[in-house]
Amino acid sequence: MAPRIALVPDPHGPGGRLQPLDDAGTPLGPPATAPDLAAAVAAAERDGTVRWVWAAADSAYAPLLPRLPDRLARCHDLRLVEALLLAHEGRFGAPRSLGAAWARLHGLPVPPDLPEPGSAESDDGQDTLFAPDRLQLPPGADPLAAVVAVHAEQQRRLTAIRDDGARARFRLLVAAESAGALVAAEMAYDGLPWRADIHDRLLTELLGPRPGVPGSRPRILADLAAELQQALGGRPFNPDSHTQVLRAFADRGIQLGSTRSWELKGVDHPAARLLVRYKELSRIHTAHGWAWQDAWARGGRFRPEYVVGGVVSGRWASRGGGALQIPRILRRAVVADPGWLLVVADAAQLEPRVLAALSQDAGLARTAAGGDLYEALAASAFHGDRDKAKLGLLGAMYGQTSGDIGPLLNTLRHRYPAAMGYVEAAARTGEDGGVVASRLGRVCPPPSADWLDLTEAAETAGDAGGRSARARGRFTRNFVIQASAADWALALLAALRRRLAALPVAGPADRPHLVFFQHDEVVVHTPANLADEVAVAVAAAADEARLLVFGDTPVRFPLTTAVVDCYADAK
DNA sequence: AGACCCGGCGCC
DNA sequence: AAAGGGCGCCGGGTCT
């Protein structure tokens with residue numbers, strides 16, 4: 001059995017072509033043509049040791065999913081790996097399509113990446129329906145040969161990383177990012193269980209009945225708007241308009257710097273309270289109301305599109321539906337199917353633990369060896385004041401200098417010199433125009449040309465350039481932590497997916513599966529009788545991720561795990 | 001009418 | 001003095 005098989009679906013039809021490869025990417029025998037690609041893939045997958053090599057999961061895996069009897073175990077996603085490699089090689093942001101990588105390999109002009117479907121630049125025409133067209137290969141080029149060649153080149157570039165440890169970690173990143181592509185495609189296909197009836201009831205309680213005329217304000221919102229108008233003297237204004245709101249308050253002698261709710265909460269006037277309430281409800285109505293339900297949550301499932309590596313730090317992004325910003329109150333609508341349960345697990349205080357592991361600060365690691373990190377930090381350095389401990393550490397990780405946190409930072413610097421030195425070195429690198437990397441080797445973007453102009457001009461005067469340099473320092477300071485946390489989360493996801501696939505089930509339809517992933521939190525939808533085993537699998541996956549990403553560290557990454565019927569009951 | 005930016009706020 | 005990192009999405013507002 002070949003360890004790797006390159007796979008290219010036919011653009012129109014169920015067939016495709018396959019090419020067995022060795023681990024270096026060298027073809028083992030001739031390519032094969034399959035009239036039914038799903039059947040051929042399923043047959044080759046039997047023992048679960050194949051690593052499938054494809055141009056991109058959205059064109060190769062997503063169309064296959066409905067026709068596969070079970071999920072695939074492993075893949076190498078050329079587009080995602082190309083982006084990782086380019087950044088690592090100092091070519092951040094170069095086009096990453098199969099065609100672009102192929103063109104670079106042959107010294108030909110490199111085609112730009114096509115805009116994502118659904119984005120502003122995309123015409124969303126028919127051509128986007130045929131995913132292979134997005135690969136940007138020149139006419140006449142053989143897609144299978146291109147996949148084989150680009151994969152071999154990527155393997156070569158991986159081998160070229162000199163340092164053994166760095167190479168091993170980067171390979172782990174490549175595998176974890178690719179596993180993410182599998183998870184993202186599967187979660188988009190399966191969807192998050194979503195009870196439209198409960199969602200509807202919640203909306204009705206909060207906003208009033210669904211308006212008959214789409215686009216008009218539901219009753220409670222309309223009432224609030226009217227009350228607000230009365231409270232500010234009765235002259236009509238649109239509460240959705242920032243400028244009109246500022247003017248309406250100013251007319252009553254209340255000068256606001258903005259209409260942000262934290263500022264309104266400090267204003268002692270009935271209108272301020274009404275406006276805060278209006279904004280809260282209006283947000284739910286416009287962002288996750290009935291229109292959202294019609295567009296995204298039909299047939300009992302919410303189906304967003306996840307974008308693996310969509311954030312430079314390696315966090316995922318989403319396209320459409322605001323999948324990663326579901327208001328907590330609406331988690332009430334996420335309910336397991338009858339006979340099924342949700343296992344909800346989130347990493348407790350992930351980022352400070354990542355800082356402890358990255359910096360190998362012995363003192364901070366001791367606070368991160370057990371339960372509540374902030375509690376331990378408070379006990380050892382802040383006279384038991386947990387709030388101060390948390391504020392100080394978050395400020396250190398985000399580069400905050402405002403408020404009263406100066407003394408807190410000084411305490412941290414004194415007690416945890418290695419940890420503070422780590423983030424401060426990252427900040428200095430950024431301020432100087434350098435790049436930093438995550439634990440596994442994901443490299444941050446370099447400064448823009450604008451940034452370089454701005455900071456050079458600032459050599460003589462500390463103005464916009466100095467501000468810009470400090471902003472970049474905050475970015476790189478946070479990047480090392482956020483991106484290393486994303487490394488860990490991806491490793492967790494990959495390990496968990498593998499463990500779920502190994503659970504004994506009667507058939508694929510009874511298999512526990514991931515339905516949600518949000519930075520440091522996972523939700524698994526599982527038959528009720530397997531829920532305890534899933535909870536064990538999540539904990540084991542978290543510890544496996546710790547070992548893989550950070551090696552021998554005393555830092556622990558505990559999860560808060562809940563087995564629930566409804567997502568809202570998890571916290 | 002459509003492109004674009006901004007303020008604001010949801011999530012981590 | 002300056003003043004917390006990363007996103008996506010909405011409506012308003014402005015420009016073309």
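Chain letters run A, B, ... following the sequence lines, proteins first and then strands; every chain starts at 1. Computation of the quantities below employed the complete heavy-atom set of this structure, encompassing side-chain atoms and omitting hydrogens, waters and symmetry-equivalent molecules.
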May I ask you to test the V334(A)-F302(A) pair for a side-chain heavy-atom distance under 4.5 Å? no

Run F517(A) and Y306(A) through ring pair (Phe, Tyr, Trp, His ring centres under 6.0 Å) and show every step you take. CA-CA 9 Å; F517(A) 169 56; Y306(A) 297 94; 8.3 Å; no

List the atom pairs, with distances to 0.1 Å, where a side-chain N or O of residues 274-282 of chain A and a protein N or O form a donor-acceptor pair under 3.5 Å, not counting sequence neighbours.
{"from": "R277(A)", "atom 1": "NH1", "to": "E280(A)", "atom 2": "OE1", "distance (Å)": "3.2"}
{"from": "Y278(A)", "atom 1": "OH", "to": "R217(A)", "atom 2": "NE", "distance (Å)": "3.0"}
{"from": "Y278(A)", "atom 1": "OH", "to": "R217(A)", "atom 2": "NH2", "distance (Å)": "3.4"}
{"from": "Y278(A)", "atom 1": "OH", "to": "D240(A)", "atom 2": "OD1", "distance (Å)": "3.0"}
{"from": "Y278(A)", "atom 1": "OH", "to": "D240(A)", "atom 2": "OD2", "distance (Å)": "3.3"}
{"from": "K279(A)", "atom 1": "NZ", "to": "T259(A)", "atom 2": "O", "distance (Å)": "3.1"}

I'd like to know if the side chain of T411(A) reaches the main chain of P407(A), judged simply by a donor and an acceptor atom lying under 3.5 Å from each other, with no hydrogens or angles considered. yes

Is the phosphate of dG7(B), meaning OP1 or OP2, less than 4.0 Å from a side-chain N or O of S258(A)? no

Are K390(A) and D387(A) ion-paired here, with the side-chain N under 4.0 Å from a carboxylate O? no

Output the residues of residues 185-208 of chain A in contact with DNA chain B, where contact means a heavy atom of the residue under 4.0 Å from an atom of the strand; sort by number or write none. none

Give the residues of residues 423-446 of chain A touching DNA chain B, defined as any heavy atom closer than 4.0 Å, sorted by residue number. none

Do M397(A) and P352(A) touch side chain to side chain, with heavy atoms closer than 4.5 Å? yes

Give one of base, sugar-phosphate or nothing for R477(A), where a contact means two heavy atoms less than 4.0 Å apart. nothing

Roughly how many Å is it from CD1 in I326(A) to P in dC9(C), rounded to a whole number? 12 Å

Students often get this wrong, so: under 4.0 angstrom with heavy atoms, is R472(A) touching a base, only sugar-phosphate, or nothing? nothing

If you count heavy atoms of other groups shown closer than 6.0 angstrom to CD of Q360(A), is the number above 12? no

Could you run down nucleotides 11-16 of chain C 5' to 3' and tag each one B, S or - for protein heavy-atom contact under 4.0 Å? SSS---

Determine the interatomic distance between C1' on dG8(B) and the same-named atom on dA2(C); round to the nearest Å. 22 Å

Cationic N near anionic O, under 4.0 Å, R386(A) to D372(A): yes

Tell me if a side-chain donor or acceptor on Q244(A) pairs with a main-chain N or O of F237(A) at a distance below 3.5 Å. no

Does R315(A) come within less than 4.0 Å of E521(A), counting only side-chain N to carboxylate O? no

Rounding to a whole Å, what distance do you find between I284(A):CD1 and dG8(C):P? 21 Å

To the nearest angstrom, how far is R260(A) atom CZ from dC6(B) atom C1'? 11 Å

Ignoring hydrogens and angles, write down the donor-acceptor pairs under 3.5 Å from the side chains of residues 434-445 of chain A, residues two or more places apart or on other chains.
{"from": "S438(A)", "atom 1": "OG", "to": "L440(A)", "atom 2": "N", "distance (Å)": "3.4"}
{"from": "S438(A)", "atom 1": "OG", "to": "G441(A)", "atom 2": "N", "distance (Å)": "3.2"}
{"from": "S438(A)", "atom 1": "OG", "to": "R442(A)", "atom 2": "N", "distance (Å)": "2.9"}
{"from": "S438(A)", "atom 1": "OG", "to": "D487(A)", "atom 2": "OD1", "distance (Å)": "3.4"}
{"from": "S438(A)", "atom 1": "OG", "to": "D487(A)", "atom 2": "OD2", "distance (Å)": "2.8"}
{"from": "R439(A)", "atom 1": "NE", "to": "V549(A)", "atom 2": "O", "distance (Å)": "2.7"}
{"from": "R442(A)", "atom 1": "NH1", "to": "E177(A)", "atom 2": "OE2", "distance (Å)": "3.2"}
{"from": "R442(A)", "atom 1": "NH2", "to": "E177(A)", "atom 2": "OE1", "distance (Å)": "2.8"}

Write down the protein N/O and nucleotide N/O pairs, taken from nucleotides 3-7 of chain C, whose separation is under 3.5 Å; answer none if there are no such pairs.
{"from": "dG4(C)", "atom 1": "OP1", "to": "S402(A)", "atom 2": "OG", "distance (Å)": "3.2"}
{"from": "dG4(C)", "atom 1": "OP2", "to": "T401(A)", "atom 2": "N", "distance (Å)": "3.1"}
{"from": "dG4(C)", "atom 1": "OP2", "to": "S402(A)", "atom 2": "N", "distance (Å)": "3.2"}
{"from": "dG4(C)", "atom 1": "OP2", "to": "S402(A)", "atom 2": "OG", "distance (Å)": "3.0"}
{"from": "dG4(C)", "atom 1": "O3'", "to": "R474(A)", "atom 2": "NE", "distance (Å)": "2.9"}
{"from": "dG5(C)", "atom 1": "OP1", "to": "R474(A)", "atom 2": "NE", "distance (Å)": "2.8"}
{"from": "dG5(C)", "atom 1": "OP1", "to": "R474(A)", "atom 2": "NH2", "distance (Å)": "3.4"}
{"from": "dG5(C)", "atom 1": "N2", "to": "R315(A)", "atom 2": "NH1", "distance (Å)": "3.1"}
{"from": "dG5(C)", "atom 1": "N2", "to": "R315(A)", "atom 2": "NH2", "distance (Å)": "3.4"}
{"from": "dG5(C)", "atom 1": "N2", "to": "Q482(A)", "atom 2": "NE2", "distance (Å)": "3.4"}
{"from": "dG6(C)", "atom 1": "O4'", "to": "Q482(A)", "atom 2": "NE2", "distance (Å)": "3.2"}
{"from": "dG6(C)", "atom 1": "N3", "to": "R315(A)", "atom 2": "NH1", "distance (Å)": "3.4"}

